[in-house]
Amino acid sequence: MKTKHLISLKDLSRAEIEEIFDLAVKLKANPSAYASALKGKSLAMIFQKPSTRTRVSFEVGMFQLGGTALYLGADDIQLHRGETIADTARVLSRFVNGIMARVFAHQDLLDLAKHGTVPVINGLSDLLHPVQALADYFTLWERRGSLDGLKMAYIGDGNNVCHELLFGAAKFGMTMAVACPEGYDPNPLVVKSAAREAQKVGAPPPIVTRDPMEAAAGADAVYTDVWTSMGQEEEAAARVQAFQGYMVSSEMMAAAGPEAVFMHCLPAHRGEEVAAEVIDGPRSVVFDEAENRLHVQKAALILMLG
Ligand code: CP
Ligand code: NVA
């Protein structure tokens, strides 16, 4: 992998993403063969927000590769007392081989990459969530063999997860349709940028609609995420009102293609963004997505830190 950082799938070539997928297949099939791949290597993990999957998959992943991961809660390190991101990056670069960070401001990741000397991995920012999208597209790729020409429908909030799915879909020549209520569309700059990426590979530009049934029609995957992301808790009540009619339902799944799966990055709220019968039903692949976080991230770690 030539690209040094993993800040967005937008920055990676399709060949680089496929290199991660190919290695992830091997890691998943035969994890013990890679038990020393990152022997003696360390990953600092800065968390400004809570996490279950990201924390555990990176920590266990580094352990399984023979390396170590350090959990650095933002309140536990000197960032909390005003040390700058730039100085934090410079100092951590003297100790560790890579930095993974979950942040509010996306700029913090860019600053870690700019001022540090080691690879930086985005473990979620307010703008993007690339390691999630990697696992999601890997999950679909495992099932379907190829992603070219498949349709991804995203229903709900045009948030960080939606943004990264837009970039990923464009890389793979997929069709992407996003259905959001007014005021909750994806960032227009991200949509424009994804449309430019799609054009490069001859794929259609993403569609943004108000109609979830239109987005779901004929889709190969129907994806949703929480209506209230981390940091937006004060808006929760207003969001529940605004998103009425956007819960992924059995009717929406029926409008999707015959092989369509239901996807969610988790954590999920049954009865809000998804009906319990959908997320707990036979088409749901949400726990495969969660498991695949481990395999794709281990692959990326080997390619970036090895
Ligand atoms: N999907 C995801 O990133 O989960 P966590 O917030 O638990 O890390
Ligand atoms: N959009 C969600 C994703 C959580 C993994 C959030 O940012 O809280």
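One-based numbering, in listed order, for ligands and for the atoms of each. Note: hydrogens, waters and symmetry copies are ignored here, and every other heavy atom, side chains too, is used.
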| Amino acids contacting ligand 1, non-hydrogen cut-off under 4.0 Å |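 Correct list: Ser51, Thr52, Arg53, Thr54, Arg102, His129, Gln132, Cys265, Leu266, Arg293.
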Would a 4.5 Å heavy-atom cut-off, applied to side chains only, mark [X] and [Y] as touching?
X	Y	value
Arg53	Pro267	yes
Pro119	Leu305	yes
Arg210	Tyr246	yes
Val226	Asp157	no

Starting from the N and O atoms of ligand 2, collect every protein N/O partner closer than 3.5 Å and put each pair on its own line with the distance to 0.1 Å.
unit_1   : atom_1 : unit_2 : atom_2 : d
ligand 2 : 1 (N)  : Asn159 : ND2    : 3.3
ligand 2 : 1 (N)  : Asn160 : OD1    : 2.8
ligand 2 : 1 (N)  : Asp225 : OD2    : 2.6
ligand 2 : 1 (N)  : Ser229 : OG     : 2.7
ligand 2 : 7 (O)  : Asn160 : ND2    : 2.9
ligand 2 : 7 (O)  : Ser229 : OG     : 3.4
ligand 2 : 8 (O)  : Met230 : N      : 2.8

| request: Could you tell me whether Arg55 sits above the aromatic face of Tyr71, with NZ or CZ closer than 6.0 angstrom to the six-membered ring centre and within 45 degrees of the axis? | output: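 Arg55 over Tyr71 ring: yes.
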Distance-only donor-acceptor hits, side chain of residues 254-261, under 3.5 Å, sequence neighbours excluded:
none

| said: Check whether Glu273 reaches the backbone of Ala268 with its side chain - one donor and one acceptor, N or O, closer than 3.5 Å. | reply: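 Pair absent, no side-chain N/O of Glu273 close to backbone of Ala268.
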| request: Can you sort out the partners of Asp225 under side-chain hydrogen bond (donor to acceptor under 3.5 Å, both in side chains), two or more places apart, ordered by chain and number? | output: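 side-chain hydrogen bond (donor to acceptor under 3.5 Å, both in side chains) list for Asp225, sorted by chain: Asn159.
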| query | Do you see a donor-acceptor pair shorter than 3.5 Å between the side chains of Thr139 and Asn292? | reply |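 Yes, a side-chain donor-acceptor pair sits under 3.5 Å.
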